[in-house]
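If you're wondering where the values come from, they're calculated on a predicted model, not measured in any experiment.
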Amino acid sequence: MLSTVLNFAQCVAEISLLGGIEIASVALIVYYVFAKTRAPIIIANLFPNLNLSTIRSELLVTLRSSNESKLKTGVKHGTGTQNMLELTPHSGRRPYKSLFDWGVIFPYVAQVVRSEKFEYPQVTGNVHNDVVLKHAIKQAAEQTLREQRYAKNGHRLLSRSISGDQDEEEDARAGISYQNILNKQEKRAISILKDMGSTLNNALLAFTSWLLYKLLPCFLSGVVTDTKQIQMLRTAAEKSPGTPLIFVPLHRSHLDYIMVTFILTNNDIRSPLVAAGNNLQIPVFGSLLRGLGAFFIKRKIDPVEGKKDVLYRAALHLYLTHALKQGHNVEFFIEGGRTRTGKPCMPKGGILSVIVNAFMDGSIPDALLVPVSVNYERLVDGNFVREQKGEKKIPESFTKAISGIWKALNSNYGLMRIDFNEPYSIRELVNSYNKIALEDGSSKVYKPAARTLQHNQSTSSLYGTDVVCEEHRNLIDSISRQVVFDCAAATSVMSTNALAFLLLTRYRQGAVEQTLAAALDDLRNSLSGCKDIGFSGESFHVLAYACDLLGPGLVSRSRDDNGRMFIRAVQSVESFIELAYYSNMLTPHFALSSILMSTYHALLPPPSTEPAAAKATFGVSSKKLIETALQNCQVYRYEFILNKPTQVLENLLHKHLDDLIMSGCINKLEAQTEMIDIRTRGMARDLSYYLDGEENDYYDGALEETETIDLLYASETLPQQRYICEILAPFSNTYLAVAQALQILNRNSMLESEFISFVINDLTKRVEQGSCPYAESISTDSVRNCLKLLEKWSVIEVCNQRGMRLISLNTLYEMSQESLNTIIKKIEAVVPKFNQV
Ligand SMILES: CCCCCCCCCCCCCCCC(=O)SCCNC(=O)CCNC(=O)[C@H](O)C(C)(C)COP(=O)(O)OP(=O)(O)OC[C@H]1O[C@@H](n2cnc3c(N)ncnc32)[C@H](O)[C@@H]1OP(=O)(O)O
């Protein structure tokens, strides 16, 4: 018995020794392989189907892991000017310490443990102690006291001072206590700051980082960023330690802020405090986001229109100012929410104004605004079709978040691209705008204060805007428009953007694969040099890849009679709206050309029956074209940012006109002799008119026009012209529907939301009946933008009643159908008409 036991023990010992030796040797081999080739293997771990051979030479060479599309297309992403992912642990920068480094075996854990840990001081304590907050509490209490007195006693007590023995007696009789009100405001201040404050901490950042390393490959085939850009940020942060980095991304998805923090924290750059709308304060996720850097703000700062929430404004102003002074980096989404249309939204100025003020009043020496461009091959958040069709947004909730995450983890969204663009120094921005102001003859120049004005109330800050400083507003507007413009221009074009753009502009009825591939080649050529293209490779392969990603719900593929692949957009309202989201990434780039082309066609004389020779002289004067196009640009002022504040729109229009001439869409009459020829013919007509002795308006105009016509009609490029007009046609159709619907406001005010529903229903009918050929014209966002334009033009008035927006026609337009018609005509001018001569 004993010998059996001994034998057994010996066996176990031997086996374990052997096993141990085996395990040790396997571990050594693995270790060796890891040590030799760690970066690619780790990258491969993160993104399992990377084509490792080209990993460093191309921006990205990866396709989705699913079997059906496994590297079948050979699509390469990026233009080759950037490097691959710095997201990977130890990608060359942080070398392993020794041959026996545990980080080799647990790279992600090692990465998060070893990434630099910064101090993230709490901000709320400093805000509590700030005398400006105490002043705001007093101000808010006085405001409430006045309101209560008014409610109890009407106007009689309104003019009285706030305190005084006699007043207190009267207040006591009316049951009002100033002290109680003051205490309530103090409590409110504490609760605002508690709700607002971030609890950013390294432990949670490290844990979430690790989790993301594990989860990202489940639904993304890659995240592409430029290592040089990261290096640039790191250098900027190291060079000027007191200067905060302000990250300003254009907001597409909830993944945006996650990836910005993830990339920064893994590259040893201080994680930012992020302004988050308080709709994200949902159970569990709210506190997690808070620990990862979110500070919560109200999305609408004054709950009651016309009444400033002084206490809240002061708290937000102070929170941000102290955060910057304490050395925090900050991130905020300048558009105030995710784009629903795929193109950038108009910027909001509140947070930016506080940051600029912090520089102006000397609280910080400078700040670096870092515009961040983000794009996705497929949007992780789903789509915004419901909202565009006028249905209510489903509010964020715990269950919605969980189901969203679950769905995301089981889907394929392709690549994400993120670019950290060249930072702007606020100091330099303010200086350059001052220079422009001086050149313009405007006397107001901004100078940072020589001393810290911590306790002085600024007349132009978020807190203390009772005195509106128009120049300051213009400065903030200019900076914010510049940031959005540059961010949008720097956003890379993904394969899905390009395909959707072609399907909605050139090939609305679809096309065979070869034709589409040729069009994609064309598009890429036209974009090269002005926009970064986030993919490369054969256009055929790119098409197949993009079709796979967009899926059969959006793009249909079938074989035609000749066995060729025919690709078209799925012909449903929903798919057009969703495709427009992807296509609109390119729309701003072509907007000016589209305005010029549509204006050109609108200005062309009506088709004539003159002989062919005369047709050759059909055209428009360039002066007239630019003038009218400038007016038409005004129609889109809330839809697109067409130029940077530093650029002159007219010059840009001239540049785009030159491009249209170069591409052969318009023929420019250069030769002097030809001009003379046209003039002569004009004079001949004129002469015949005098000889006939008839009054004829047409000839009057004709003489004038023939004298200046220098842009001739190019019939050979008509399809190209049509496609350029088509780019903005969905927007102009929406605007026209809004203008035509104004009549229902005659002698009748209406809730803005009801009016929007009315227009959306009308547009839906038009699409069903075919009178509006663009299903994507059904867009709540564009209806809203058009209403802003009409308000700006004083056609409608908007007033707030118990938190609801009421719209009505301005008196000038109320009674007069004629005035309304002029507005309709003004908007009709941007709806493209094709004059086939
Ligand atoms: C390692 C792994 C990590 C994982 C990683 C996790 C990351 C963890 C972070 C999570 C983070 C979530 C992030 C979610 C993303 C959002 O939730 S996006 C939505 C929330 N963010 C924003 O909206 C930011 C931009 N918005 C603003 O700046 C808005 O102005 C505000 C502050 C929200 C206020 O909006 P509003 O109530 O509509 O008012 P608005 O007309 O803008 O003006 C307010 C005041 O600002 C000032 N102002 C406005 N414009 C100007 C101007 N041009 N000039 C001067 N003053 C101006 C004025 O004082 C004005 O008041 P008035 O004098 O006009 O009465």
Side-chain angles (χ1 to χ4, degrees), residues 229 232-233 235-237 239-250 272 275 317 320-321 323-325 327-336 344-373 419-450 452-453 458-462 465 469-491 641-649 651-652:
Q229 294 170 359
M232 169 189 75
L233 292 182
T235 316
K239 253 189 181 171
S240 32
T243 306
L245 296 175
I246 314 292
F247 298 95
V248 194
L250 289 191
H317 175 97
L320 258 168
T321 313
L324 294 170
K325 284 206 289 194
H328 282 287
N329 289 338
V330 170
E331 178 184 346
F332 69 99
F333 292 90
I334 197 160
E335 301 161 287
C345 310
M346 293 298 136
K348 296 197 145 223
I351 303 263
L352 182 64
S353 74
V354 179
I355 294 166
V356 175
N357 278 342
F359 159 68
M360 305 281 246
D361 70 14
S363 298
I364 47 169
D366 194 1
L368 292 176
L369 278 184
V370 185
V372 184
S373 310
D419 285 284
F420 295 89
N421 303 308
E422 186 103 31
Y424 309 114
S425 138
I426 293 222
R427 174 191 294 278
E428 279 166 26
L429 273 176
V430 172
N431 285 344
S432 61
Y433 278 109
N434 275 340
K435 211 169 145 235
I436 294 169
L438 277 176
E439 280 162 12
D440 283 357
S442 149
S443 56
K444 179 80 189 174
V445 169
Y446 302 99
K447 287 203 179 104
T452 305
L453 294 176
S458 161
T459 53
S460 53
S461 66
L462 187 74
T465 41
C469 171
E470 225 27 65
E471 291 90 347
H472 182 77
R473 274 182 195 270
N474 290 342
L475 174 76
I476 304 297
D477 279 348
S478 301
I479 296 178
S480 56
R481 288 172 80 86
Q482 176 164 348
V483 169
V484 173
F485 185 94
D486 286 345
C487 259
T491 308
I641 299 178
L642 294 168
N643 59 325
K644 278 199 236 194
T646 46
Q647 292 171 322
V648 180
L649 188 55
N651 296 348
L652 280 185

Asks: Does the Asn643 side chain pair with the main chain of Val648, one donor and one acceptor, at a distance under 3.5 Å?
Replies: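 No.
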Asks: Checking Asp361 side chain against Ser363 main chain: does a donor-acceptor pair fall under 3.5 Å?
Replies: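 A pair under 3.5 Å: yes.
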Asks: CD1/Ile426 to CG/Asn431 distance, rounded to the nearest 0.5 angstrom?
Replies: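 Between Ile426 CD1 and Asn431 CG, I get 11.5 Å after rounding to 0.5 Å.
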Asks: When you compare the side chain of Phe247 with that of Val330, does any pair of heavy atoms fall below 4.5 Å?
Replies: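 Side-chain contact under 4.5 Å: no.
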Asks: Flag the pair Ser373 / Asn421 as yes when at least one side-chain heavy-atom distance between them is below 4.5 Å, and no otherwise.
Replies: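 A side-chain contact exists here, since the closest heavy-atom pair is under 4.5 Å.
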Asks: Does some side-chain heavy atom of Val356 sit less than 4.5 Å from a side-chain heavy atom of Ile479?
Replies: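 Sidechains of Val356 and Ile479: in contact.
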Asks: Report yes if the side chains of Pro371 and Tyr424 come closer than 4.5 Å at any heavy-atom pair, otherwise no.
Replies: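 Contact flag for Pro371/Tyr424 side chains = yes.
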Asks: Heavy atoms only: give me the nearest Cys345-Val484 pair and the separation to one decimal.
Replies: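 Heavy-atom minimum between the residues: O-CG1, 4.0 Å.
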Asks: For residues Glu335 and Pro344, report the shortest heavy-atom separation together with the two atoms involved.
Replies: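 Reported closest heavy-atom pair: OE2-CA, 3.3 Å.
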Asks: With the side chain counted from C-beta on, respond yes when Glu422 and Asp486 share a heavy-atom pair under 4.5 Å apart, and no when they do not.
Replies: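 They are not in contact (no side-chain heavy atoms under 4.5 Å apart), so the answer is no.
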Asks: Rounded to the nearest 0.5 Å, how far does CD of Glu428 lie from CG of Leu369?
Replies: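 Reported to 0.5 Å precision, the distance equals 11.5 Å.
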Asks: In terms of heavy-atom contacts, does CD of Gln647 have more than 12 from other residues, nucleotides or ligands at under 6.0 Å?
Replies: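 More than 12 heavy atoms, drawn from other residues, nucleotides or ligands, come within 6.0 Å of this atom.
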Asks: Looking only at the side chains, is there a donor atom on one of Asp366 and Ser425 sitting less than 3.5 Å from an acceptor on the other?
Replies: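 Present: a donor and an acceptor within the cut-off.
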Asks: Would you say Gln229's side chain and Asp419's backbone share a donor-acceptor pair under 3.5 angstrom?
Replies: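 No.
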Asks: Going from OG on Ser478 to CZ on Arg473, what distance comes out if it is rounded to the nearest 0.5 angstrom?
Replies: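 Nearest 0.5 Å value for the OG-CZ distance: 13.0 Å.
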Asks: For Ile246 and Phe332, what are the C-alpha separation, side-chain angles and deciding distance, and is it a side-chain contact (heavy atoms from CB on, under 4.5 Å)?
Replies: CA-CA 8 Å; Ile246 314 292; Phe332 69 99; 3.6 Å; yes
Asks: Might you point out which heavy atoms bring Ser353 and Ile476 nearest each other, and give the distance in Å?
Replies: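 Looks like CA-CD1, 3.7 Å.
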Asks: What pair of heavy atoms forms the shortest contact from Met232 to Phe420, and how long is it?
Replies: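 Closest pair (atom of Met232, atom of Phe420, distance): CE-O, 3.6 Å.
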Asks: Can you see which heavy atom on Leu368 is nearest to which on Ala236, and at what distance?
Replies: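 That closest heavy-atom pairing would be CD1-CB, 3.8 Å.
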Asks: Measuring from atom CG of Leu642 to atom CG of Leu652, what distance do you get when rounded to the nearest 0.5 angstrom?
Replies: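 Rounded to the nearest 0.5 Å, the CG-CG separation comes to 8.5 Å.
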Asks: Can you name the closest pair of heavy atoms from Leu352 and Ile334 and give their distance?
Replies: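 Where Leu352 meets Ile334 most closely, the heavy atoms are CD2-CD1, 4.3 Å.
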Asks: Which distance, rounded to the nearest 0.5 Å, do you find between the SG of Cys487 and the CD1 of Ile641?
Replies: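 These two atoms lie 10.0 Å from each other.
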Asks: So, taking the atom named CG in Leu429 and the one named CG in Leu475, what distance separates them when rounded to the nearest 0.5 Å?
Replies: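 Separation between the atoms: 8.5 Å.
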Asks: If we ignore hydrogens and angles and just use 3.5 Å, is the side chain of Arg481 paired with the main-chain N or O of Pro347 as donor and acceptor?
Replies: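 A pair under 3.5 Å: no.
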